[in-house]
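Report on the structure given below.
Below, chains carry the letters A, B, ... as their sequence lines are ordered, and counting in each starts from 1. Note: hydrogens, waters and symmetry copies are ignored here, and every other heavy atom, side chains too, is used.
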Number of protein chains: 2
Amino acid sequence: MRGAQGDLLRLVATGQAESRAELARLSGLAPSSVSLRVEELLDAALLVEEGAGTSRGGRRPRRLRVSPTAGLLAVADLGAHHARLALLDLSGVPLVVEERPCDIALGPETTLDWMAAAFDDLLRSHAPPGVPLRGVGTSVPGPVDPATGRVVSPSRMPGWNAFPVAEHLGAHYDLPVLVENDANLMAVGEARAWPGCDNLMVLKAGSGIGCGLIVEGRLHRGRGAAGDISHVRVRADSSAICSCGHPDCLEAYASGAALMGALADRGFAVHRPADVAALVADAVPEATALVRNAGRLIGEVLTVLVNFINPDAIVVGGSLSGAEPLISAVRAAVYERCLPLATRDLEIAVTRTGPDAALLGAGSLLLDAVLA
Amino acid sequence: MRGAQGDLLRLVATGQAESRAELARLSGLAPSSVSLRVEELLDAALLVEEGAGTSRGGRRPRRLRVSPTAGLLAVADLGAHHARLALLDLSGVPLVVEERPCDIALGPETTLDWMAAAFDDLLRSHAPPGVPLRGVGTSVPGPVDPATGRVVSPSRMPGWNAFPVAEHLGAHYDLPVLVENDANLMAVGEARAWPGCDNLMVLKAGSGIGCGLIVEGRLHRGRGAAGDISHVRVRADSSAICSCGHPDCLEAYASGAALMGALADRGFAVHRPADVAALVADAVPEATALVRNAGRLIGEVLTVLVNFINPDAIVVGGSLSGAEPLISAVRAAVYERCLPLATRDLEIAVTRTGPDAALLGAGSLLLDAVLA
DNA sequence: CCAACTTCCTTCGAAATCGAAGACAAGCCG
DNA sequence: CGGCTTGTCTTCGATTTCGAAGGAAGTTGG
């Protein structure tokens with residue numbers, strides 16, 4: 001897909017434009033040029049005309065949509081013990097989402113080959129005939145070097161260090177391949193649900209603590225570890241040594257793994273972070289207190305970042321995001337301690353996208369690669 | 001200056017391109033189109049051809065420069081007790097730089113009218129005849145709402161709250177007017193001296209502590225207070241209440257003002273932050289210890305931001321930047337505590353631009369406004 | 001010194017893009 | 001119901017931009 005057409009298709013696919021007139025406004029092209037390009041996209045069966053939109057006082061626009069036959073994207077959100085897999089159409093709408101158990105500790109080759117097989121499986125059972133696969137993407141729970149698509153010193157991924165994930169996955173396909181950190185993809189997916197918020201911090205509170213940063217509407221990658229808040233030193237009464245070797249990292253107190261450990265010490269049966277959220281939902285005092293304390297610690301770290309970045313919103317996702325005391329404590333810390341200018345219009349909210357945020361984010365970034 | 005020409009002129013003015021061929025490479029336009037546009041800019045006397053550049057193995061390029069007669073920019077860097085004023089040509093090169101005493105506590109009208117008079121003064125004495133003034137800009141030592149050009153709750157600027165600085169200054173001129181926070185402008189100015197570093201944190205250590213953030217080559221403004229690190233809570237032995245009402249803000253321990261206070265308590269005669277740096281240069285133990293401690297505290301705050309943003313470099317400027325122990329302590333804290341991935345290629349250095357950074361930054365942003 | 005190669009810049013026909021004007025299709029309103 | 005207004009989309013000549021080819025002015029290397 002070359003330049004101008006790609007831009008137009010992207011605007012339709014991302015839901016920013018639904019008519020030729022909107023395309024003209026957003027793309028900066030002349031209405032006549034837009035008509036020509038759209039005509040070509042219709043001929044190529046990448047776009048379809050679908051009825052009429054709502055009038056804004058004049059003639060009703062002819063609604064444009066990405067054709068369901070334009071192509072599919074296969075995406076995965078890879079966790080430590082299970083992966084969510086999905087097929088999306090080019091506008092990012094899921095045809096099918098599945099969660100399957102897996103184990104990243106088996107190493108990259110095994111895991112990625114398993115993933116490719118799972119994608120084939122989904123395509124066989126759910127892809128309409130004749131619709132081509134156009135891109136493949138996955139999240140990984142660790143830092144990814146944006147230049148090379150390699151995983152870099154991931155603490156939760158034994159055996160994966162410096163493994164060329166994108167390259168290995170790409171060997172199965174002659175297609176654009178995307179590999180990105182899970183919190184980053186979650187941020188991208190979430191960003192589409194927050195129109196008007198160009199600067200967004202998306203916290204992933206799961207068994208680890210991650211954060212994705214959207215600046216001016218675009219994912220901020222840094223050197224691959226951007227968004228890390230796990231290893232910030234927090235003010236704690238006791239003293240814990242983190243796996244990174246430093247004392248009192250946020251992760252050692254406020255991560256899902258830390259909370260699970262603390263609850264297990266007190267005799268609760270918790271096997272995954274969602275179990276912690278469940279205990280909180282059941283109003284178990286120990287769990288609530290621990291989660292609230294975790295939220296306070298996270299919130300105190302976020303104050304620094306909110307003052308510095310001035311985001312439009314902080315969105316909390318991940319399997320602990322269902323624990324209301326966590327969000328409340330984050331809110332309390334941020335609103336109490338940050339500059340008024342930074343919090344005046346700051347929204348702190350739970351995910352609008354739900355558990356598929358990273359899958360949708362992968363679709364969004366993949367679309368860019370496909371239409372490049 | 002309309003679009004395409006503006007882009008080309010900007011590339012030459014910012015020193016990114018010196019020949020038609022470079023313009024073609026950087027602008028994405030076809031060589032033939034570049035030649036046409038350059039011809040028009042030469043006819044309009046905005047560009048001049050000036051000899052030949054150095055060959056890169058083939059025909060030598062014909063070097064292009066912005067004409068010295070193309071226009072001037074009047075810029076100021078406004079401090080609490082003095083202002084630096086300059087006239088720049090459109091490529092950002094100063095014709096004249098002066099420092100004059102002033103007092104922002106006299107209020108916005110008085111100060112800004114004084115500034116306009118000072119600009120007129122400079123223009124009379126230093127502007128070549130017939131060269132038009134094309135833009136006016138100033139820094140202010142406080143947050144600026146990017147949308148309105150108003151100062152917002154500035155702690156060091158009594159009487160300025162919500163004052164429409166850009167509007168008032170604009171009444172003197174029928175020209176683009178720029179008003180921006182001082183640390184932000186410093187960051188923009190510094191960024192041009194760090195080619196290849198697209199993500200930059202620029203620390204201004206003066207009587208206050210400010211920070212400007214460059215992301216993907218562009219200034220990050222947030223809601224106007226972005227870059228603030230003054231009011232981060234630090235781990236301190238004693239307890240001090242900051243002017244913002246919270247305990248143990250960084251500013252209360254590590255700002256030039258705080259250091260001056262501490263030194264004055266010990267009987268030293270210090271009247272401006274540079275005096276602190278001078279004491280350190282004279283190896284006065286009390287001053288060195290205080291400055292080193294300030295650097296450590298600042299560095300600890302920066303660790304959070306470095307992990308989160310992964311900048312390419314941290315640049316330290318401001319009147320305390322000459323104090324070597326400050327930089328060393330910042331370096332020590334950041335390199336010790338940050339993630340290896342974040343510090344692997346991180347440079348922590350003193351300003352390359354010197355005291356005129358904010359003036360040059362103002363010129364850089366003004367150029368964008370002039371060529372819009 | 002002279003060919004071979006590089007890079008820079010221009011020339012000129014082809015192609016893409018624009019923009020003004022108008023056709024088209026609604027809602028609004030007495 | 002029939003103007004009136006508003007917004008959408010297309011037509012078509014004018015303009016801009018492109019791109020391939022070639023000339024100009026160097027360097028490099030036998």
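A heavy atom lying under 4.0 Å from DNA chain C marks the following residues of residues 15-30 of chain A, by number: A:Gly28, A:Leu29, A:Ala30. Contacts of residues 31-38 of chain B with DNA chain C (heavy atom under 4.0 Å): B:Pro31, B:Ser32, B:Ser35.
The two atoms that bring A:Asn310 and B:Gly224 nearest to each other are OD1-N, 3.7 Å, heavy atoms only. The shortest heavy-atom contact between B:Leu359 and B:Ala86 is CD1-CB, 3.9 Å. Between B:Gly137 and B:Phe119, the shortest heavy-atom contact is O-CZ, 4.2 Å.
Along DNA chain D, the nucleotide closest to A:Arg59 and the one closest to A:Glu39 are compared, and the more 5′ of them pairs with A:Arg59.
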Report all side-chain donor-acceptor pairs from residues 56-66 of chain B shorter than 3.5 Å, counting only partners two or more places apart or in another chain.
residue: B:Arg62; atom: NE; partner: B:Glu49; partner atom: OE2; Å: 3.3
residue: B:Arg62; atom: NH2; partner: B:Glu49; partner atom: OE2; Å: 3.2

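No more than 12 heavy atoms of other residues, nucleotides or ligands shown are found within 6.0 angstrom of CZ on B:Arg218. The environment of CG in B:Asp43 is crowded: more than 12 heavy-atom neighbours from other residues, nucleotides or ligands sit within 6.0 Å.
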Item checked: Stepwise side-chain contact (heavy atoms from CB on, under 4.5 Å) check, B:Leu46 with B:Gln5 -> CA-CA 10 Å; B:Leu46 293 172; B:Gln5 264 109 332; over 6 Å; no
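Rounding to whole angstrom units, CZ of residue B:Arg60 and C1' of D:dT28 are separated by 16 Å.
Applying the salt bridge (Lys or Arg N to Asp or Glu O under 4.0 Å) rule to A:Glu216 yields no partners; only residues at least two apart in sequence or on another chain are considered. With sequence neighbours excluded, no residue forms a salt bridge (Lys or Arg N to Asp or Glu O under 4.0 Å) with B:Asp198.
A nucleotide of DNA chain C counts as in contact with chain A when one of its atoms lies under 4.0 Å from a heavy atom; the first and last such, 5' to 3', are C:dT17 to C:dA26.
Checking A:Val179, A:Val75, A:Val177 one by one against A:Thr138, the side-chain contact (heavy atoms from CB on, under 4.5 Å) holds for a single residue, A:Val179.
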